[in-house]
**Student:** 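Before we start, here is the structure in question, set down as structure tokens.
Nothing here was measured: the structure is a model prediction, and the numbers come from that model.
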Amino acid sequence: MCMTCGCGHDEAHVEGAEHSHPHADGAAHSHAHGAADPGWHTHADGTTHRHAVVPAHAHEHHEHEHEHEHEHEHEHEHEHGHEHGHGHGGDLHFGHGPAGAAAPGMTQARMVRVERDILAVNDAIAQRNRGWLEERGVFALNLVSSPGSGKTTLLVRTIERLAGLLPVAVIEGDQQTTFDAERIRATGAPALQINTGKGCHLDAAMVETALHRLAPADDSVLMIENVGNLVCPAGFDLGEAHKVVVLSVTEGEDKPLKYPDMFHAAALMLLNKVDLLPHLSFDVERCVANARRVHPAIEIIEISATSGENMGDWLRWIERGAHAARERRLERGKALAQAGRLDVLERAARATDSGARERAAGG
Amino acid sequence: MHEMALAEGVREIVDETARSSGAGRVAAVRLEIGRLAQVEIEALRFAFDVVKRGSLADSARLEIVEVDGTAWCMCCCEPVVIAGHGEACPKCAHYQLQVTGGDRMRVLEIEIE
């Protein structure tokens with residue numbers, strides 16, 4: 001059983017990939033307890049917030065444990081140790097089997113504090129992906145939608161329009177087939193297909209493997225087309241700069257309310273296929289209001305990949321992001337070069353000092 | 001459907017903690033699930049029952065503490081409790097809300113023997 005997506009063994013494939021198992025062991029975690037207001041938490045990302053009072057529940061015999069008041073700081077420094085590959089097959093499965101041996105046990109029951117995020121493994125790999133992408137100035141977008149919203153056509157048109165301006169690479173996620181990657185490759189852009197098997201979403205480990213295989217160019221745009229699913233991909237960070245949700249006008253204006261988590265997670269909504277509006281009773285204003293109800297700050301572009309309507313807005317949005325990613329890479333390079341120069345100067349100064357001391361000692 | 005993936009994540013954390021604590025078996029697993037965490041609790045229970053088999057948590061009971069979703073209402077300028085994304089502020093009925101909590105999932109503690 002796959003650790004990350006719940007699919008069976010050998011079901012998640014990355015095109016051309018060998019077999020590998022990212023293990024979750026070796027995760028380091030520390031936290032401090034202290035008497036404090038109930039439910040205040042400070043997380044590693046710096047956010048501090050208070051959960052509402054823990055609600056009443058049915059486990060009477062453990063009531064005392066549920067009423068814990070604590071303040072803790074998470075430092076999720078998970079080190080994901082060994083990743084090893086086998087030569088056979090093109091399959092990739094993530095995770096490992098159940099624990100083998102039971103250690104000689106304690107006879108008395110005792111509580112062990114854990115306080116770890118269930119998605120900590122995925123999130124740590126996603127952060128690693130984010131670092132990898134930022135180092136290279138790659139602007140990565142995670143495209144999410146229900147099946148049939150027109151993501152792939154939109155991608156093909158986007159790549160065509162960006163040709164000569166910005167290099168684009170694509171990671172395609174689907175349960176089965178390499179059809180989508182083939183459509184992208186037909187445009188001349190590098191593309192890699194991940195088949196998730198029974199899995200309903202891409203996860204960070206799959207994308208990490210694909211990133212190293214695809215090796216997108218510095219200062220390029222990486223489009224990750226997630227599995228068509230408006231539910232599961234919302235919770236899985238891949239290391240992207242933004243999630244972009246594609247909703248087509250053939251789907252119904254209440255989708256943001258039906259699948260609020262996804263619209264809440266996305267920075268941009270592309271309302272696609274607007275060329276079909278004259279033939280439909282789709283209420284654009286209501287759809288926009290619904291999206292803003294779920295996510296007040298969401299950006300929205302009404303677009304048609306087929307007619308090209310407002311494609312310019314979308315392309316400019318991408319270019320702004322790519323430009324910012326490139327600037328960050330250059331600044332980082334400058335900072336590193338500066339640190340390097342300082343290091344050289346410091347070593348030279350130390351060498352001069354020790355030379356002087358030796359001469360003094362010799363004299 | 002992603003509850004299966006989450007259950008696998010729970011088992012990983014539980015097994016790792018139990019092993020490093022020298023446990024013979026895990027008697028109970030306690031989770032904290034935010035109401036905004038995109039989790040169907042019953043699906044998670046079902047999935048955990050499946051993935052725990054053969055692990056140290058084979059016979060462990062699963063206890064779930066649900067935590068309310070909280071948000072900062074930009075109209076009221078105060079924190080409020082919400083039932084889900086896209087819900088209005090219970091005080092002013094506006095939607096200018098910034099989620100501040102209840103969107104996480106954690107393994108709180110385990111009881112080992």
**Student:** So, A/Arg116 side chain and B/Val107 main chain: donor-acceptor pair closer than 3.5 Å or not?
**Tutor:**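 Judged by distance alone, no pair lies under 3.5 Å.
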**Student:** Return the CD1 to CD distance between B/Ile13 and A/Glu115, rounded to the nearest 0.5 Å.
**Tutor:**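 Rounded to the nearest 0.5 Å, the CD1-CD separation comes to 12.0 Å.
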**Student:** To the nearest 0.5 angstrom, please state how far the CG atom of A/Asp117 sits from the CZ atom of B/Arg106.
**Tutor:**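 With rounding to 0.5 Å, CG (A/Asp117) is 7.0 Å from CZ (B/Arg106).
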**Student:** Is the CD atom of B/Glu78 crowded by more than 12 outside heavy atoms at less than 6.0 Å?
**Tutor:**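 Atom CD in B/Glu78 is crowded, with more than 12 foreign heavy atoms closer than 6.0 Å.
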**Student:** Mind checking the NE2-CG spacing from A/His264 to B/Asp103? Nearest 0.5 Å is all I need.
**Tutor:**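 One finds 8.0 Å between NE2 of A/His264 and CG of B/Asp103.
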**Student:** Do the rings of A/Phe236 and B/His2 sit parallel, tilted or perpendicular, given the 30° and 60° boundaries?
**Tutor:**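 Judged by the thresholds at 30° and 60°, the geometry between A/Phe236 and B/His2 is perpendicular.
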**Student:** Could you tell me which portion of B/Leu97 (side chain, backbone, both or neither) has an atom closer than 4.5 angstrom to a non-hydrogen atom of chain A?
**Tutor:**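 For B/Leu97, backbone heavy atoms alone lie under 4.5 Å from chain A.
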**Student:** Under the side chain to side chain contact (heavy atoms under 4.5 Å, CB included) criterion, do A/Met111 and B/Arg30 qualify, and how do the steps go?
**Tutor:** CA-CA 10 Å; A/Met111 303 304 302; B/Arg30 184 160 306 121; 3.8 Å; yes
**Student:** Please identify, among B/Glu87, B/Lys52, B/Met105, the residue contributing the most non-hydrogen atom pairs under 4.5 Å to chain A.
**Tutor:**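 Among the listed options, the one with the most contacts to chain A is B/Met105.
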**Student:** Using 0.5 Å steps for rounding, measure from the NE2 atom of B/His94 to the CZ atom of A/Arg293.
**Tutor:**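 One finds 12.5 Å between NE2 of B/His94 and CZ of A/Arg293.
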**Student:** Top residue by heavy-atom pair count (under 4.5 Å) with chain A, among B/Ser20, B/Ala27, B/Gly86?
**Tutor:**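 Highest number of pairs under 4.5 Å: B/Gly86.
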**Student:** Starting at SG of A/Cys232, measure out to CE of B/Met4 and round the result to the nearest 0.5 Å.
**Tutor:**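 The CE atom of B/Met4 is 12.0 Å from SG of A/Cys232, to the nearest 0.5 Å.
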**Student:** Give the minimum heavy-atom separation between A/Pro296 and B/Gln96, together with the two atoms involved.
**Tutor:**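 Residues A/Pro296 and B/Gln96, closest heavy atoms: CB-OE1, 3.7 Å.
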**Student:** Which distance, rounded to the nearest 0.5 Å, do you find between the CD1 of A/Ile118 and the CD1 of B/Ile33?
**Tutor:**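 If we round to the nearest 0.5 Å, A/Ile118:CD1 and B/Ile33:CD1 are 4.0 Å apart.
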**Student:** Is the closest basic N to carboxylate O distance between A/Arg110 and B/Glu109 below 4.0 Å?
**Tutor:**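 No.
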